[in-house]
Chemist: 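Attaching a single structure in structure tokens format; questions to follow.
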Amino acid sequence: MIDPGYFITFEGGEGAGKSTQIRLLAETLRAAGHEVVVTREPGGTPLAEAIRGLLLNAGDPPDAMTQALLFAAARHDHVTRVIRPAMRAGQIVLCDRFTDSTRAYQGEAVAEDALEATILLGTAGLVPDLTLLLDLSPEAGLGRARQRGAAGDAFERADATYHTRVRERFLALARREPDRILVVEADRPPEVVAASIRALVEAHSAIDLAGAGA
Ligand code: T5A
């Protein structure tokens, strides 16, 4: 059975503006009368948030395969308890990071077939209807994240060349799946990025942003 809801994921490097843009798109969608669920990965359920704490606060981070398995466990709980039920109820789900983050980050060190196996287990086959990839140089993104004054999680502390390769893997994924993954130039003021995203959602989905609602 096809779920009546719609699933949009936001991807990109650290500090690319995903949370900001999700908040703005959620406001637009709610103003148009849609029911919207905003969630994030890793996280979205108490168990998955606990796994997030383990992964992001690890003083001695586990290897990439262990990370992929933990992300998959968190994701399975998130998909089965939050995302699928919302989609069955006809809601629009906006998720901050999902499977493409696993491909871009853990893809550095885990072979593709093994990684895709963990992704399939974690999602139980759920694929986003649309993915907005906020593209920004790692220098700009990490600078924004650090401006907030946070010490930085285990991934943010990785070296700059790692973040450059993460960006390249995200862009390669967009080239591989151009119908699902749309690249958004994120090095512009938030309201300009938000207008681009509204235009892309209108052009690539059946979601009505004009007002009448679902
Ligand atoms: N991870 C995750 C994996 O390795 N594998 C996986 O499978 C998954 C799911 C999660 C970490 O886990 C890794 C990747 C990550 O390293 P996170 O907290 O979700 O960490 O990810 P971050 O990208 O680090 O989150 P941030 O909150 O730092 O970035 P956002 O959400 O992209 O950015 P946002 O909106 O919070 O903005 C950051 C700052 O920039 C400003 C904002 O006001 C804010 O201060 N800003 C702008 N400034 C100028 N111009 C704009 N257009 C701006 N937009 C926002």
Side-chain angles (χ1 to χ4, degrees), residues 9-27 38-45 48-49 51-58 61-79 82-83 94-110 114-123 126 128 131-160 162-167 169-170 173 184-197:
T9 60
F10 284 68
E11 297 280 9
E14 320 295 313
K18 300 177 295 298
S19 317
T20 303
Q21 294 303 326
I22 285 179
R23 182 172 50 73
L24 294 172
L25 183 60
E27 282 171 12
V38 171
T39 189
R40 70 172 181 181
E41 290 215 346
T45 68
E49 290 290 334
I51 294 173
R52 178 188 179 92
L54 290 176
L55 279 161
L56 270 52
N57 303 325
D63 67 31
M65 189 66 214
T66 308
Q67 290 172 19
L69 291 166
L70 286 168
F71 281 117
R75 184 166 297 138
H76 196 268
D77 196 50
H78 188 207
V79 166
V82 175
I83 300 176
L94 305 182
C95 188
D96 192 338
R97 299 191 180 279
F98 196 61
T99 43
D100 297 308
S101 281
T102 307
R103 296 183 175 105
Y105 286 80
Q106 283 65 53
E108 169 96 346
V110 180
L115 196 62
E116 289 301 327
T118 71
I119 287 171
L120 188 59
L121 289 171
T123 59
L126 178 67
T131 296
L132 296 158
L133 170 57
L134 300 194
D135 182 52
L136 184 68
S137 75
E139 295 76 22
L142 287 165
R144 282 183 192 173
R146 282 172 192 147
Q147 260 184 3
R148 286 181 309 196
D153 62 42
F155 292 90
E156 286 174 15
R157 291 194 296 271
D159 66 78
Y162 171 75
H163 289 290
T164 299
R165 293 193 298 274
V166 166
R167 181 191 195 187
R169 275 192 294 277
F170 271 130
L173 290 168
V184 180
E185 172 51 62
D187 195 11
R188 296 176 293 168
E191 57 282 5
V192 177
V193 178
S196 291
I197 287 175

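Both counts, for ligands and for their atoms, begin at 1 and track the order of listing. Position 1 is the first residue of the sequence, and the numbers go up from there.
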Chemist: State if G13 counts as touching ligand 1 under the rule of any non-hydrogen atom under 4.0 Å.
Modeler: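 Flag set, G13 near ligand 1.
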Chemist: Are any of the side-chain heavy atoms of P42 and I51 separated by less than 4.5 Å?
Modeler: no
Chemist: Can E108 and R169 be counted as an ion pair, charged N to O under 4.0 angstrom?
Modeler: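 A salt bridge is present here (some side-chain N lies under 4.0 Å from a carboxylate O).
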Chemist: How far is atom 24 (O) of ligand 1 from the closest protein heavy atom, and which atom is that?
Modeler: E14 OE1, 2.8 Å
Chemist: Between L56 and ligand 1, is there a nitrogen or oxygen pair with a distance under 3.5 Å?
Modeler: no
Chemist: Heavy-atom distance to atom 18 (O) of ligand 1: which of R40, R97, R52, H163 wins?
Modeler: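 Heavy atom nearest to atom 18 (O) of ligand 1 belongs to R52.
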Chemist: Could you give all pairs that pass the salt bridge (Lys or Arg N to Asp or Glu O under 4.0 Å) test and reach residues 13-22, with sequence neighbours left out?
Modeler: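 Only E14-R97 qualify under salt bridge (Lys or Arg N to Asp or Glu O under 4.0 Å).
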Chemist: Starting from atom 8 (C) of ligand 1, which protein heavy atom do you reach first, and at what distance in Å?
Modeler: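 So the nearest neighbour among protein heavy atoms is F71 CE2, 3.4 Å.
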Chemist: What protein heavy atom sits nearest atom 42 (C) of ligand 1, and how far away is it?
Modeler: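 Nearest protein contact, heavy atoms only, for atom 42 (C) of ligand 1 is T20 OG1, 4.0 Å.
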Chemist: For residues A26 and V38, report the shortest heavy-atom separation together with the two atoms involved.
Modeler: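 The pair with the smallest heavy-atom distance is CB-CG2, 3.8 Å.
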Chemist: So, the side chain of E49 versus the backbone of G44: is there a donor-acceptor pair under 3.5 Å, distance only?
Modeler: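 Side chain of E49 to backbone of G44, a donor-acceptor pair under 3.5 Å: yes, one is there.
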Chemist: Just to confirm my output: which protein heavy-atom neighbour is closest to atom 52 (N) of ligand 1, and how far is it?
Modeler: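 For atom 52 (N) of ligand 1, the nearest protein heavy atom comes out as R188 O, 2.8 Å.
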Chemist: Please answer whether the main-chain N or O of E41 pairs with a side-chain N or O of R75 as donor and acceptor at a distance below 3.5 Å.
Modeler: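 No; zero donor-acceptor contacts below 3.5 Å.
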Chemist: At a 4.0 Å threshold, what atoms of ligand 1 neighbour a non-hydrogen atom of P42?
Modeler: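 Checking each atom against P42, I get 2 (C), 9 (C).
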Chemist: What protein heavy atom lies closest to atom 5 (N) of ligand 1? Include the residue and the distance to one decimal.
Modeler: Q106 OE1, 2.9 Å
Chemist: What atoms of ligand 1 come within less than 4.0 Å of a heavy atom belonging to A16?
Modeler: 32 (O)
Chemist: So is G12 touching ligand 1 or not, going by heavy atoms under 4.0 Å?
Modeler: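 It does not; every heavy atom stays at 4.0 Å or beyond.
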Chemist: Should you measure from each heavy atom of P190, which atoms of ligand 1 turn up under 4.0 Å away?
Modeler: 50 (N), 51 (C), 52 (N), 53 (C)
Chemist: Look at atom 31 (O) of ligand 1 and say which protein heavy atom is nearest, naming residue and atom and giving the distance to 0.1 Å.
Modeler: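 Result for atom 31 (O) of ligand 1: S19 OG, 2.5 Å.
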Chemist: Looking at atom 29 (O) of ligand 1, what's its closest protein heavy atom, distance included?
Modeler: G15 N, 3.1 Å
Chemist: Just to confirm my output: which protein heavy-atom neighbour is closest to atom 49 (C) of ligand 1, and how far is it?
Modeler: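 For atom 49 (C) of ligand 1, the nearest protein heavy atom comes out as R144 NE, 3.5 Å.
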Chemist: Please report the C-alpha distance between I83 and H78 in whole Å, then the side-chain angles of each, then the deciding distance to 0.1 Å, and finally whether the side chain to side chain contact (heavy atoms under 4.5 Å, CB included) criterion is met.
Modeler: CA-CA 6 Å; I83 300 176; H78 188 207; 3.6 Å; yes
Chemist: Is it the side chain (CB and beyond), the backbone, both or neither of D153 that lies under 4.0 Å from ligand 1, heavy atoms counted?
Modeler: side chain
Chemist: Only heavy atoms of E41, strictly under 4.0 Å: list the atoms of ligand 1 that pass.
Modeler: 9 (C)
Chemist: Under 3.5 Å, is there a donor-acceptor pair between the side chain of E11 and the main chain of D100?
Modeler: yes
Chemist: For A109 and A64, work out which heavy atoms get closest and say how close.
Modeler: CB-CB, 3.7 Å
Chemist: Would you call R52 and L55 a side-chain contact if the rule is heavy atoms closer than 4.5 Å?
Modeler: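 They are not in side-chain contact.
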Chemist: Determine whether any heavy atom of R75 lies closer than 4.0 Å to an atom of ligand 1.
Modeler: yes
Chemist: Does R103 use its side chain to pair, donor to acceptor, with the backbone of F170 at less than 3.5 Å?
Modeler: no
